[in-house]
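These figures come from a predicted structure and were not determined experimentally.
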Amino acid sequence: MFHLFKKKEKIKRELPPGTIRKEFHFEGNVQNIGFRFEVQSHAKPLGITGYAKNNDDGSVTAQFQGKPNDINKVILDLQNIDRIQIDFISGKDIPLDYYENDFSIIY
């Protein structure tokens, strides 16, 4: 038999010391303006992994995994984009994901 759809093996990565993972909830004018794309475009160059996704209530949830200073930089950069109006941000620490290797937008 042919194995056309070979199951991709997940590889557990070793993360740099000091790596953290945080989940943020953004409220305000954060949908239909390219917010998730901005999150991704600021996170990827810093080596941050995670995702950004829209919520049904008009908010956006994003998870970031990387160095604390890099994550803070992304949050600050997002707050300084004129077309984005962030009214409230909440964040919490969450467990590391040793299998994640990219930053994605969830549709």
Side-chain angles (χ1 to χ4, degrees):
M1 226 37 217
F2 293 103
H3 295 286
L4 298 176
F5 299 104
K6 199 174 193 180
K7 191 171 183 177
K8 202 173 193 180
E9 186 178 327
K10 287 189 170 189
I11 299 171
K12 187 174 181 178
R13 298 184 324 138
E14 187 169 325
L15 301 173
T19 298
I20 64 166
R21 186 174 185 88
K22 293 191 79 135
E23 180 175 274
F24 289 92
H25 186 78
F26 299 91
E27 295 178 14
N29 185 23
V30 293
Q31 285 193 14
N32 301 316
I33 57 165
F35 184 76
R36 292 175 298 163
F37 173 78
E38 289 289 354
V39 172
Q40 183 184 49
S41 67
H42 283 82
K44 281 184 95 159
L46 298 174
I48 295 172
T49 62
Y51 67 83
K53 69 175 185 140
N54 285 344
N55 299 314
D56 292 338
D57 64 1
S59 65
V60 171
T61 298
Q63 290 189 3
F64 300 98
Q65 182 166 286
K67 298 176 188 171
N69 289 342
D70 291 341
I71 294 171
N72 291 337
K73 179 177 178 5
V74 171
I75 300 302
L76 287 173
D77 288 348
L78 292 171
Q79 291 174 313
N80 290 318
I81 298 172
D82 289 338
R83 74 177 186 284
I84 295 172
Q85 171 75 41
I86 300 172
D87 297 330
F88 180 76
I89 303 172
S90 62
K92 65 180 180 180
D93 293 327
I94 56 175
L96 295 172
D97 182 340
Y98 291 92
Y99 299 95
E100 184 176 73
N101 60 11
D102 200 3
F103 195 95
S104 59
I105 295 173
I106 296 178
Y107 293 94

Sequence neighbours excluded - salt bridge (Lys or Arg N to Asp or Glu O under 4.0 Å) pairs with any residue from residues 49-76: Lys73-Asp77

If I compare all heavy atoms of [X] with all of [Y], which pair ends up nearest, and what's the gap?
{"X": "Asp87", "Y": "Gly28", "value": "OD2-CA, 3.4 Å"}
{"X": "Glu27", "Y": "Ser59", "value": "CG-CB, 4.0 Å"}
{"X": "Gly18", "Y": "Pro68", "value": "O-CD, 3.5 Å"}
{"X": "Ala62", "Y": "Val39", "value": "CB-CG1, 4.4 Å"}

Could you tell me the separation between the [atom1] atom of [X] and the [atom2] atom of [Y], rounded to the nearest 0.5 Å?
{"X": "Phe26", "Y": "Arg36", "atom1": "CZ", "atom2": "CZ", "answer": "13.0 Å"}
{"X": "Asn54", "Y": "Gln31", "atom1": "CG", "atom2": "CD", "answer": "3.5 Å"}
{"X": "Thr61", "Y": "His25", "atom1": "OG1", "atom2": "NE2", "answer": "5.5 Å"}

Against Phe35, only a single residue in Ile105, Val60, Ile81 fulfils side-chain contact (heavy atoms from CB on, under 4.5 Å); can you say which? Val60

Within a radius of less than 6.0 Å around CG of Asn32, do more than 12 heavy atoms belonging to other residues, nucleotides or ligands occur? no

Side-chain heavy-atom pair [X], [Y] within 4.5 angstrom cut-off:
{"X": "Glu100", "Y": "Gln63", "answer": "no"}
{"X": "Arg13", "Y": "Thr49", "answer": "yes"}
{"X": "Lys44", "Y": "Asp102", "answer": "yes"}

Are [X] and [Y] joined in one hydrophobic group, where the rule is that I, L, V, M, F, W and Y side chains link up if heavy atoms are under 4.5 Å apart?
{"X": "Ile84", "Y": "Tyr51", "value": "no"}
{"X": "Ile71", "Y": "Leu15", "value": "no"}
{"X": "Ile75", "Y": "Ile94", "value": "no"}
{"X": "Phe37", "Y": "Leu78", "value": "no"}

Checking Glu23 side chain against Gly91 main chain: does a donor-acceptor pair fall under 3.5 Å? no

Residue pairs passing the ring pair (Phe, Tyr, Trp, His ring centres under 6.0 Å) test where at least one lies in residues 53-106, sequence neighbours excluded: Phe24-Phe64, Phe64-Phe103

